[in-house]
Amino acid sequence: LKPGAQPALLRHRALIPSARGPPGLARHPLAATRVCSRILGRIRPPYSASSPFASMAVAEAQQFLDAANGEYERVHLAFEEQFWGTKMNLKEGTGEFTAEKLSQTKRKMEAFLEDEGKLKKTEELLQKCAASASDEQLRALTLLKRTFGCYQMPSEAKPLRAQATQMESELERKRNGDFKSGYICPDSGEFKQMTSTVALRTMLRTDADERKRKAAWQGLRTVGPFICDNGWLQIVQMRNRMAKKLGYADFYDYKVTQSEGFSKAKLFSILDGLEQETRPLLEKAIEEVKRLKGEDAFEPWNLSYKLSGDVAKAQDPYFPFEKAVLRYAQSYARLGIKYRGATLNLDLLDRPKKYSNGFCHWPQPAWKKARKDGGEPQWVPSRANFTSLAQPDAVGSGKTAITTLMHEAGHAAHFANVTQPSPLFSQERAPTSVAYAETQSMFLDSLVDDADWKAQYARDRDGKPMPFELVQQALEQTAPFEVFTLRAMIAVPYFEKALYELSEEDIVNREKVIALADEVEKRICGGLSARPLLSVPHIMSDESSCYYHGYVLAEMAVRQTRAYFLDKFGHLTDNSAIGPALTEKYWQCGNGEPFLGLVEAMTGAPLTSKAWVADLEEPLDQQIAKARAMYDAAVARESAPADVESLNMRLICSDGDTTLSDSQTDGGIAAAAAKFEAYVRKRFFEGGAGGKL
């Protein structure tokens with residue numbers, strides 16, 4: 001009951017047969033109130049659905065939900081607009097998007113999430129309304145309780161969080177403004193600046209000159225010292241202090257518990273099992289790559305090139321960059337995926353001062369908004385921004401572009417289909433599981449390497465499909481060495497685990513941290529990594545630090561989900577049953593269900609690494625035979641027309657502050673994709689004014 005409700009009830013004599021009470025008690029000035037309190041004790045919440053208090057409590061709950069949902073939607077939008085503007089370096093010099101404003105909007109969003117009063121009110125309403133509220137109201141209140149619970153912290157921890165946020169914004173400013181991506185040219189000895197670290201990684205895969213590849217790798221190795229010298233180590237220290245104030249072992253323990261719902265110890269019991277199972281495969285693969293490709297093949301600047309260089313060049317014509325947007329849309333449409341009126345803004349081209357990693361965020365979460373008149377809820381479609389760092393005229397850029405599109409658009413499709421009564425169900429922070437979010441995107445980008453997907457969508461500019469011989473060559477060059485990818489993935493969480501377990505003194509010791517990264521690379525990857533751990537952008541920001549384990553758990557779920565669908569349907573590419581199945585089993589619930597339970601509900605089995613390890617252990621000849629069968633079946637199969645408008649979305653292609661195409665004004669999704677294609681061809685391949693990056 002609201003404060004002050006008891007005196008009002010004294011007027012309802014039907015509820016209080018004898019407000020005066022016994023004679024002795026009636027003489028006391030508080031007698032009536034005490035009698036009322038005893039009677040109220042008999043009708044404490046939860047109220048039965050028929051109780052006259054029930055409708056009051058339900059109305060109060062809905063008012064609270066409306067206010068909380070609206071407030072979160074506002075602070076979320078303000079932060080995400082700043083996040084996108086600063087990461088993309090939009091409207092540079094105008095002051096509209098700044099590190100300071102990003103910190104301010106983040107603090108406001110966190111203040112909402114950390115509000116102890118909101119948590120207490122949610123718990124109170126859950127108790128009152130347990131028997132009378134609707135299922136949707138109870139589901140929303142339960143999720144709000146979980147969400148607010150994730151962000152509670154004692155007063156002494158809050159300044160640490162605020163300080164870390166401010167320091168992180170300053171590091172981001174320096175990373176974008178002061179750090180120069182590039183390498184020392186082995187011929188001239190001069191520094192050659194590149195647009196981003198992604199361009200350096202592209203060199204590792206495709207440049208035929210080993211000297212340049214080594215120089216590019218050394219360029220990647222400069223990221224670590226730069227961030228260590230510009231505040232990152234102090235940020236790590238501050239994060240740890242905050243987590244320990246909250247009672248966690250360290251920041252990693254805090255992050256994984258909040259996002260996944262289980263402890264760091266539980267997580268690494270899973271990862272340790274995967275590490276031990278695949279160590280013999282790693283050792284075998286290292287021996288094999290040296291035998292087949294030469295003793296120097298395992299050098300970090302050689303490995304990517306030796307495994308993909310020749311094939312990447314041979315396959316490149318079948319992944320024309322400019323057609324990536326249309327082919328992603330066609331593939332998704334044939335899978336039966338819908339976006340429920342969402343808006344997607346794609347910023348795909350690399351440029352200076354742009355954030356050096358692809359990502360997808362949604363400033364507007366999708367949700368069902370309750371109407372004040374009690375009518376059918378109003379659908380609020382999502383609005384998503386996603387980015388990549390493509391260099392259209394670089395070898396391999398087309399394959400990277402379509403893989404990135406399939407991945408980030410998977411995030412967008414997932415969060416566009418969360419049909420719950422609060423925007424808090426469809427946001428990516430805790431209590432949303434990292435592994436849950438990444439499973440959706442990684443499942444969809446996994447299709448790009450399937451033989452039947454290549455038969456359908458890997459086509460040159462004349463429309464000719466990639467011949468199976470190239471599909472087979474790719475398998476022969478990479479399949480025996482897939483374990484390298486797995487080990488590179490698990491190296492990141494093992495490094496961050498070790499980092500946050502360092503002492504207060506060692507955690508800010510530059511040399512020890514750099515040496516630690518090298519030690520983890522050698523122990524987990526078998527040698528120094530082609531992508532140095534300290535160059536992985538996830539480790540810098542609060543949102544993505546202690547996050548990478550999600551990719552590992554997600555890959556386990558992807559392999560298990562693929563095996564389930566292949567057993568059930570026989571094929572994945574252009575299977576119109578896939579989209580509806582993902583929507584029903586994985587997407588609609590948002591973060592209202594636990595990740596492990598969702599995987600089991602979809603596949604009928606608990607999550608394990610069994611399917612992933614089985615894929616790695618499968619003999620090459622069997623993999624080639626399966627791929628041949630998939631390829632031939634796709635060629636023989638008549639795919640339904642790709643009605644890209646059925647995606648039900650607005651598609652915008654941007655390049656920083658410039659809008660390149662917009663399906664809303666250009667006549668539809670196909671027309672917007674065609675306009676983007678024409679722009680890329682003119683700028684990068686026909687000597688247009690835009691020139692090369």
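When reading the values below, keep in mind they use all heavy atoms of this one structure, side chains included, and skip hydrogens, waters and symmetry mates.
- Partners of Phe569 by ring pair (Phe, Tyr, Trp, His ring centres under 6.0 Å), not counting sequence neighbours, listed by chain and number: Phe565.
- Counting only residues at least two apart or in different chains, salt bridge (Lys or Arg N to Asp or Glu O under 4.0 Å) contacts with residues 261-271 comprise Asp250-Lys264, Lys264-Glu501.
- Applying the side-chain contact (heavy atoms from CB on, under 4.5 Å) test to Gln622 and every residue at least two apart in sequence or in another chain returns Glu618, Pro619.
- For Phe386, the ring pair (Phe, Tyr, Trp, His ring centres under 6.0 Å) test picks out no residue, with sequence neighbours left out.
- Judged as a salt bridge (Lys or Arg N to Asp or Glu O under 4.0 Å), the pairs with a partner in residues 185-204 (not counting sequence neighbours) are, in order, Asp187-Arg211.
- In this structure, the ring pair (Phe, Tyr, Trp, His ring centres under 6.0 Å) partners of Tyr355, at least two apart in sequence or on a different chain, are Phe359.
- Residue pairs meeting the salt bridge (Lys or Arg N to Asp or Glu O under 4.0 Å) criterion with at least one partner in residues 514-523, sequence neighbours excluded, are Arg221-Asp518, Glu519-Arg523.
- Considering only residues two or more places apart in sequence or on other chains, Ser541 meets the side-chain hydrogen bond (donor to acceptor under 3.5 Å, both in side chains) condition with Ser544.
- Among residues two or more places apart in sequence or in another chain, the side-chain hydrogen bond (donor to acceptor under 3.5 Å, both in side chains) test is passed with Thr222 by none.
- The salt bridge (Lys or Arg N to Asp or Glu O under 4.0 Å) pairs that include a residue from residues 467-479 number zero, where partners must be two or more places apart or lie in different chains.
- Residue pairs satisfying the side-chain hydrogen bond (donor to acceptor under 3.5 Å, both in side chains) criterion with at least one member in residues 478-488, sequence neighbours excluded, are listed as follows: Glu275-Arg487, Thr278-Arg487, Glu482-Arg559.
- A 4.5 Å side-chain heavy-atom check between Leu267 and Glu260 finds every atom pair outside the cut-off.
- Judged as a ring pair (Phe, Tyr, Trp, His ring centres under 6.0 Å), and not counting sequence neighbours, Trp232 has no contacts.
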